[in-house]
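Worksheet: the structure to be examined is printed underneath.
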Amino acid sequence: MTATKKLDLDALLSSQYFVVGLDEALRDRLLASATQQPLAADEHLFMQGDSASRFYIVHKGQLKLYRNSAKGSERIMGLVSAGDSFAEGIVFMQPPRYPVNARALVASSVVGVQREAFLAILSESFPACLSVMAQMAKRIQNLMNEIEALTLQNGRYRLIRFLYSLLPNDHSQAPTTVHLPARKREVAARLSMQPETLSRLLKLLCQDGLINVQGDRINILDPDALRKLTLP
């Protein structure tokens with residue numbers, strides 16, 4: 001591994017929640033287990049049910065995580081972009097198998113972290129265990145909120161909640177521009193609606209003075225008003 005590549009991967013890993021609490025020696029061990037893998041657009045990284053030896057971080061590009069129903073319809077479980085980690089749950093599975101399919105939406109690159117190496121590190125670092133447990137609990141709560149939104153709330157609410165989630169954590173109340181994380185077709189599937197329904201709802205939010213739309217760019221005109229609409 002070249003020095004430049006090592007620094008690049010080290011910076012990517014250092015931003016991840018599961019590295020919090022690791023000392024330099026443990027971090028170096030984790031980095032030593034990491035491998036980088038390029039993916040062409042539409043190429044699968046893994047399929048549901050495959051034996052799982054690594055979890056991943058997106059280095060460049062974007063992937064969708066999805067499952068197919070018995071009738072063959074596709075259900076998008078998540079969209080992951082540069083800096084996002086995914087499939088960490090396989091660390092605690094016995095036997096470890098990927099619960100979803102992962103396919104690149106565009107030419108991408110991912111970094112795989114070896115499951116066994118990470119388990120060995122967790123056994124030596126209590127702070128790392130706490131960080132992982134806290135993040136897992138947060139993700140479970142987010143999934144519960146999403147299930148509630150998908151089953152109990154209408155499409156307008158789901159879209160508003162989704163748009164608000166795109167705002168940076170440190171956003172102000174001034175108009176803020178965000179970008180859709182995927183093509184509208186994938187975003188619509190993520191929100192359990194048809195693409196034409198998504199387009200219609202975006203147009204209605206524009207008419208309500210909440211947003212402006214320019215391609216994949218969404219200008220949120222009043223973040224606080226949008227936040228209030230996400231409240232129960």
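Taken together through direct or relayed side-chain contacts under 4.5 Å among Ile, Leu, Val, Met, Phe, Trp and Tyr, L202 and L166 form part of one hydrophobic cluster. The hydrophobic clustering, which links ILVMFWY residues whose side-chain heavy atoms are closer than 4.5 Å, places L221 and V213 apart. Linking ILVMFWY residues whenever their side-chain heavy atoms come closer than 4.5 Å, directly or via other members, places V19 and F92 in the same cluster.
No side-chain heavy atom of Q194 sits less than 4.5 Å from a side-chain heavy atom of L198. In this structure, the side chains of I76 and V187 stay at 4.5 Å or more apart for every pair of heavy atoms. A 4.5 Å side-chain heavy-atom check between E74 and K64 finds at least one atom pair inside the cut-off.
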For the pair Y157 and L229, evaluate side chain to side chain contact (heavy atoms under 4.5 Å, CB included) and give the outcome as yes or no after the intermediate values. CA-CA 7 Å; Y157 175 86; L229 291 173; over 6 Å; no
Apply side chain to side chain contact (heavy atoms under 4.5 Å, CB included) to residues I220 and T177 and explain how you reach the verdict. CA-CA 6 Å; I220 297 177; T177 298; over 6 Å; no
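Around CE of M133, the count of heavy atoms belonging to other residues, nucleotides or ligands within 6.0 Å does not exceed 12. Remark: Q173 CD is packed, more than 12 non-hydrogen atoms of other residues, nucleotides or ligands lying under 6.0 Å away.
Residues F126 make up the rest of the hydrophobic cluster containing L130, defined by ILVMFWY side-chain heavy atoms closer than 4.5 Å, directly or through other members.
Taking CG of L163 as the start and CG of L191 as the end, the distance is 8.0 Å to the nearest 0.5 Å. If you take CD1 on I218 and CG on L180, they are separated by 4.5 Å, rounding to the nearest 0.5 Å. Rounding to the nearest 0.5 angstrom, the gap separating the CZ atom in R27 from the CG atom in L31 is 10.0 Å. Rounding to the nearest 0.5 angstrom, the gap separating the CG atom in L159 from the CG atom in L201 is 6.0 Å. Note that OG1 of T176 and CD1 of I211 are 13.5 Å apart. Values are rounded to the nearest 0.5 Å. Once rounded to the nearest 0.5 Å, the distance linking CZ of R185 with CG of L105 reads 8.5 Å.
For H44, the side chain to side chain donor-acceptor pair (under 3.5 Å) test picks out Y66, with sequence neighbours left out. Under the salt bridge (Lys or Arg N to Asp or Glu O under 4.0 Å) criterion, R183 pairs with E186, not counting sequence neighbours. Every side-chain contact (heavy atoms from CB on, under 4.5 Å) that V58 has, sequence neighbours left out, goes to L63, V80, F86. Among residues two or more places apart in sequence or in another chain, the side-chain contact (heavy atoms from CB on, under 4.5 Å) test is passed with P95 by R97. By the side-chain contact (heavy atoms from CB on, under 4.5 Å) test, P175 is found to be paired with N219, residues two or more places apart in sequence or in another chain being considered. Partners of Y98 under the ring pair (Phe, Tyr, Trp, His ring centres under 6.0 Å) rule, at least two apart in sequence or in another chain, are F46. By the side-chain contact (heavy atoms from CB on, under 4.5 Å) test, D222 pairs with D224, A225, sequence neighbours left out.
Residues A40 and A104 come closest through the heavy atom pair O-CB, 3.5 Å. Taking each heavy atom of L79 and R190 in turn, the nearest pair found is N-NE, 4.4 Å.
For residues 198-213, every residue pair satisfying the side chain to side chain donor-acceptor pair (under 3.5 Å) rule, not counting sequence neighbours, is listed here: R156-D208. For residues 82-91, every residue pair satisfying the side chain to side chain donor-acceptor pair (under 3.5 Å) rule, not counting sequence neighbours, is listed here: Y17-E88, S85-E88, S85-R139, E88-R139. Evaluation of the salt bridge (charged side-chain N to carboxylate O under 4.0 Å, His left out) test over residues 36-57, restricted to residues two or more places apart or in two chains, returns none.
Put simply, the side chain of Q16 gets close to the backbone of G83: a donor and an acceptor are under 3.5 Å apart. The main-chain N or O of A11 is never found under 3.5 Å from a side-chain atom of S14 such that the two would form a donor-acceptor pair. Within the 3.5 Å criterion, the main-chain N or O of T230 finds no donor-acceptor partner in the side chain of Y164. Between the R67 side chain and the R75 main chain, no donor and acceptor come within less than 3.5 Å of each other.
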Cut-off 3.5 Å, no hydrogens considered: what does the side-chain donor-acceptor table look like for residues 107-125, sequence neighbours left out?
residue	atom	partner	partner atom	Å
S108	OG	Q62	N	3.0
S108	OG	Q62	O	3.3
S108	OG	V106	O	2.7
S109	OG	Q36	NE2	3.0
R115	NE	I90	O	2.9
R115	NE	V91	O	3.3
R115	NH2	V91	O	3.3
R115	NH2	M93	O	3.0
S123	OG	A120	O	2.5
E124	OE1	R29	NH1	3.1
E124	OE2	R29	NH1	3.2
E124	OE2	R29	NH2	3.3
S125	OG	A128	N	3.2

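Remark: the S192 side chain and the R158 side chain contain no N/O donor-acceptor pair separated by less than 3.5 Å.
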